[in-house]
Amino acid sequence: QVQLAESGGGSVQAGESLRLSCATSGLIYSSRCMGWFRQAPGKEREGVATIYIGVATTYYADSVKGRFTISLDNYKNTLYLQMNSLKPEDTGMYYCVAENSPRPWAQRSLCWGLEYPYWGQGTQVTVSS
């Protein structure tokens, strides 16, 4: 059974940093996609960052490029999202997502835009100006 548990959210001022963590269990394939989505009040969910675990290929939304970094600690089975230079528009609920199917290297770009089957409960990030 796949389980994803986010932590690390909070309330910060614009320009500050946060690191989100996603503790995972039940994910058995080493070549797969994972990522972070977010949903702001009154808006649809959007992809923030994704990673192809096999070779750590990463993809980012244009709005966070250069500020956010997605990474995975395989030993701890934990996915991270380092968020720097936070802006009020980064406010929202952040969700960790994953698939649990083997994905060939040639399909790594599909990590961005994938319909992820597994979602965590979310962690709230609030950035004030």
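Values reported hereafter were calculated over all heavy atoms of this structure, with side chains retained and with hydrogens, waters and symmetry mates removed. These figures come from a predicted structure and were not determined experimentally. All residue numbers refer to positions in the sequence shown, counting from 1.
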Undergrad: How long is the span from the OH atom in Y95 to the SG atom in C22, to the nearest 0.5 Å?
TA: 13.0 Å

Undergrad: Kindly give the heavy-atom pair with the smallest separation between G26 and V2, and that separation in Å.
TA: O-CG2, 3.7 Å

Undergrad: Measure the OG-CZ distance between S85 and R67 for me, rounded to the nearest 0.5 Å.
TA: 7.0 Å

Undergrad: Treat each ILVMFWY residue as a node, draw an edge where side-chain heavy atoms are under 4.5 Å apart, and state whether V12 and L20 are in one component.
TA: yes

Undergrad: Near Q121 CD, under 6.0 Å, is it more than 12 heavy atoms from other residues, nucleotides or ligands?
TA: no

Undergrad: If I take atom SG from residue C33 and atom CG from residue L110, how far apart are they, to the nearest 0.5 angstrom?
TA: 7.0 Å

Undergrad: Transitively linked via ILVMFWY side-chain contacts under 4.5 Å: I70 with L72?
TA: yes

Undergrad: For E46, enumerate each residue passing the side-chain hydrogen bond (donor to acceptor under 3.5 Å, both in side chains) test, keeping only those at least two apart in sequence or located in another chain.
TA: R38

Undergrad: Could you tell me whether K87 and D90 have a side-chain N and a carboxylate O separated by less than 4.0 Å?
TA: no

Undergrad: Which value, rounded to the nearest 0.5 Å, describes the distance between Y118 atom OH and M34 atom CE?
TA: 12.0 Å

Undergrad: Which heavy atom of G9 sits nearest to which heavy atom of T123, and what is that distance?
TA: N-OG1, 3.1 Å

Undergrad: Between V97 and V125, is there shared hydrophobic-cluster membership here, with clusters defined by ILVMFWY side-chain heavy atoms closer than 4.5 Å?
TA: no

Undergrad: Between T91 and L86, is a side-chain contact (heavy atoms from CB on, under 4.5 Å) present by the stated rule, with each step listed?
TA: CA-CA 9 Å; T91 293; L86 282 161; over 6 Å; no

Undergrad: Please say which of T58, V48, N84 ends up in a side chain to side chain contact (heavy atoms under 4.5 Å, CB included) with F68.
TA: V48

Undergrad: Would you check if Y94 and Q39 make a side-chain contact, meaning some heavy-atom pair closer than 4.5 Å?
TA: no

Undergrad: Which heavy atom in A14 sits nearest to a heavy atom in P88, and how many Å separate them?
TA: CB-CD, 4.1 Å

Undergrad: Tell me the closest heavy-atom pair linking E6 and G120, and the distance in Å.
TA: OE2-CA, 3.2 Å

Undergrad: With distance as the sole test, does T69 use its side chain to make a donor-acceptor pair with the main-chain N or O of Q82 at under 3.5 Å?
TA: no

Undergrad: Would a single hydrophobic cluster contain both V64 and M83, if residues Ile, Leu, Val, Met, Phe, Trp and Tyr are joined by side-chain heavy-atom contacts under 4.5 Å?
TA: yes

Undergrad: What's the shortest heavy-atom distance between L81 and A49, and which atoms?
TA: CD1-CB, 4.1 Å

Undergrad: Can you tell me how far CD of Q1 sits from CG of N100, rounded to the nearest 0.5 angstrom?
TA: 11.5 Å

Undergrad: A side-chain contact here means heavy atoms from C-beta on lying under 4.5 Å apart; do W105 and S31 qualify?
TA: no

Undergrad: Quick one, V127 and E89 - any side-chain contact, counting heavy atoms below 4.5 Å?
TA: no

Undergrad: Would F37 and W119 count as a close aromatic pair, with their ring centres under 6.0 Å?
TA: yes

Undergrad: Is the cationic atom of R32 (NZ for Lys, CZ for Arg) positioned less than 6.0 Å from the six-membered ring centroid of Y52 and within 45 degrees of its normal?
TA: no

Undergrad: Could you list the residues that satisfy side-chain hydrogen bond (donor to acceptor under 3.5 Å, both in side chains) with E99, not counting sequence neighbours?
TA: R103

